[in-house]
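A short worksheet on the structure shown next.
Whatever order the structure lists them in is the order used to number ligands and atoms, beginning at 1.
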Amino acid sequence: MEIRLNEKTLHYSVEAYGKTWTWAASFAPSITFEQSEEVVYFAQARTITHKPWKTGVGKGVLSHYEGFEGPAEGLSFETIVWLEEATGYVRFEWVPLSESQAAVRAVYWPGPMECQQSGGYTLLNWQQGIRIPNDWPVATTKTPFNGMLGTAGAYMPWFAQVEPDGAYLAIAETPSNAGYDIDHPAGGPYTHMNIRWEPSLGRMAYRRVLQYRFFAKADHNTICKSYRAYALEAGRLRTLREKAVQAPGVANLVGTAFVHTGIKTKVQPNSEFYDPAEPAKNDHVTPFSQRTEEMKAFHEAGVKKLYLHLDGWAEPGYDNRHPDYGPIGEEAGGAAAMKELVDTVHALGYHFGIHDQYRDYYRSAPSFDENFACRLPGGGIPEHARWAGGPQSYLCATQAPYYVKRNFKALEEAGIALDGAYLDVFTCNEGDECDHPWHRMTREECYAYRQACFRYLLSKQILPSSEEVNDWAMPSLVFCHYAPYDFMMTEPGSERHGIPVPLFNLVYHDCVIEPWMMDRVSEQEDYMLYALLNGGAPYLRRDAAYPNIDGAFGGLSVDLMQVVERCRVVSELHEKVALCEMVRCDLLTEDGSVQQTVFSDGTTVTVDFNQQTYRID
Ligand SMILES: [Zn+2]
């Protein structure tokens, strides 16, 4: 292997296994700033030096940059690009020495690799995973949360590119304040992907590391298994079997069908969701007793294992007044009726959990105090009124574990026996940072506080769940609302960004339980096939909290007995493979319309999305 630096362009190239990886010609290392449109290039430093770097474990190039002007005045930094001899990994390290006068928005370095051979593709961790062939007809230039690592836009902190003559995997070893940019124009013929390092509390503060692993020959399976090995080393790969040692109730979710429904909706007039033309949409209540009868009906219909996720169970209704949610829905029958529902669920051999929320911080909450809202570095508090409860900011995550303990103690005292609990948005939205002096918090600390909430629940034998899944949450998360492919969040029939491949499950299938949408969304598309391919759990019923978002688009109607039968098939497979590693997923046709997964117990699932058939061996 060989690392080369072009002192004129400041481009690096890496020769590995006979292939030379070079940066896109259009790229120049650069920095952007807050409150300035000026882009500052590394090459504009008055002093730039390069020296050989050699230690006991590897060698490479050390570069020093200082003497910038404009918004970058005062900034100095070094880069170290080195090859680790024991592993063959190449690390690109960006090391701040002094901060600039203007706050940095992002550092763009290292650059995007050229990837434009016919047959080449990019692996993107946008939700469950996408494989984007270099010549794919649909453009991808924007992803959720602007590609911020730790969000639904990046379930795992890596990207990879595979060409016929070699491949690489790029892992962000410092993922907390980083995102990726992707440029895939319609038809390609290339995809450019680069990392973007962002500040922490307004400062670049610490060393950033992007680790490259090169391969002579690889596919998405090779890449995912290489990352799985990294996750194991990093302590993030904690299997369901390990979690079950602490919380034996994990077994209750194996082979379970999920029901997601609610009690009370109350959209406040000062919410963006408020619809003055249709008052009924803003205000409705279903008695707990009706949900109790529905549970009995599922039992009579032959559903053996079921987990009920209940929304809107307290006043003033779903997505209102958090973290001071309560009392238990009075209009729906009160605490006694909720207890009867929960006790009935248990008597039927089913399991129960609530929807809850410790990030959205509603101004209508009696305990709301701006002093505990996330404060931006330099002042200011992010606010909006998007959800049912109206105006809100974000509760600083340093405070979240306190509110979790207070609220779950109250439920325990009311006799509500919980098997699980869902803490909304933690695994979907970016970590927050907070600059309030009482509880200053970096984004990395925010993820740790979110995990503290999950771990508290685990310690109380309440299985923790959240909106989606993410690498950072794997040590403590047991299940989720869903972990869908990106296309499932858009209207059925929409153009796809690439071939759906289960990158997340190839790494973490045996670490978390994922319920899957089961809708037959059209004559051409049946989501049940994806549930099977992924060895996931089925949604028996999924009532959307808000229509037309979160992948809730309706679909063909199916009668209850058909739904129960479809869920039985998925649950039976889940019963077998829930705790197994997904060993590989192969595309049996080039377009990915026929795919096959293999699980570590030898189970093989083959699905044909065009013919809408499946086979389990
Ligand atoms: Zn804070």
Side-chain angles (χ1 to χ4, degrees), residues 34-35 96 99 103-106 145-146 148-152 174-179 197-206 208 319-325 356-387 389-409 421-457 459 464 466-467 470-473 475-477:
E34 297 295 341
Q35 282 140 18
E99 302 279 333
V104 169
R105 188 181 292 150
F145 301 96
N146 197 21
M148 184 124 202
L149 307 185
T151 71
T174 49
S176 295
N177 298 287
W197 305 117
E198 298 184 4
S200 174
L201 291 169
R203 303 174 68 245
M204 289 311 292
Y206 62 94
R208 316 306 175 100
D319 266 1
N320 266 263
R321 220 156 68 189
H322 290 286
D324 300 335
Y325 194 50
D356 210 348
Q357 164 73 257
Y358 294 90
R359 182 179 187 245
D360 291 346
Y361 190 30
Y362 288 94
R363 287 200 160 263
S364 57
S367 72
F368 180 88
D369 179 344
E370 266 190 6
N371 276 313
F372 297 97
C374 283
R375 192 181 283 185
L376 297 171
I381 293 174
E383 286 183 300
H384 63 79
R386 203 162 303 134
W387 309 117
Q392 63 155 99
S393 57
Y394 300 119
L395 178 67
C396 178
T398 56
Q399 308 300 303
Y402 305 141
Y403 284 93
V404 168
K405 282 179 202 173
R406 182 197 69 174
N407 292 353
F408 282 79
K409 181 169 177 242
Y422 167 94
L423 308 188
D424 204 10
V425 309
F426 274 3
T427 53
C428 172
N429 293 64
E430 75 281 11
D432 299 305
E433 44 183 24
C434 174
D435 203 23
H436 193 293
W438 289 348
H439 38 77
R440 190 166 280 121
M441 173 182 75
T442 65
R443 191 167 277 116
E444 184 168 358
E445 287 167 340
C446 178
Y447 293 126
Y449 282 111
R450 289 178 179 179
Q451 285 222 73
C453 296
F454 296 149
R455 280 203 313 274
Y456 175 74
L457 295 177
S459 79
S466 187
E467 189 155 347
N470 210 285
D471 190 78
W472 62 262
S476 53
L477 196 71

Derivation of the ring pair (Phe, Tyr, Trp, His ring centres under 6.0 Å) call for Tyr361 and Phe368: CA-CA 7 Å; Tyr361 190 30; Phe368 180 88; 4.6 Å; yes

Side chain to side chain contact (heavy atoms under 4.5 Å, CB included) between Asp324 and Tyr403, intermediate numbers included: CA-CA 8 Å; Asp324 300 335; Tyr403 284 93; 4.2 Å; yes

Working for side chain to side chain contact (heavy atoms under 4.5 Å, CB included), residues Glu433 and Asn177: CA-CA 10 Å; Glu433 44 183 24; Asn177 298 287; 4.0 Å; yes

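Take Tyr422 and apply the ring pair (Phe, Tyr, Trp, His ring centres under 6.0 Å) test, not counting sequence neighbours, and it matches His309, His355.
Taking 4.5 Å as the limit, every side-chain heavy atom of Asn429 sits out of range of all side-chain heavy atoms of Met148.
Around the Zn ion (ligand 1), the protein N, O or S atoms closer than 2.8 Å are Cys396 SG, Cys434 SG, His439 O, His439 ND1, listed by chain and residue number.
Checked by atom type, the side-chain pair Tyr358/Asn407 shows a donor-acceptor distance below 3.5 Å.
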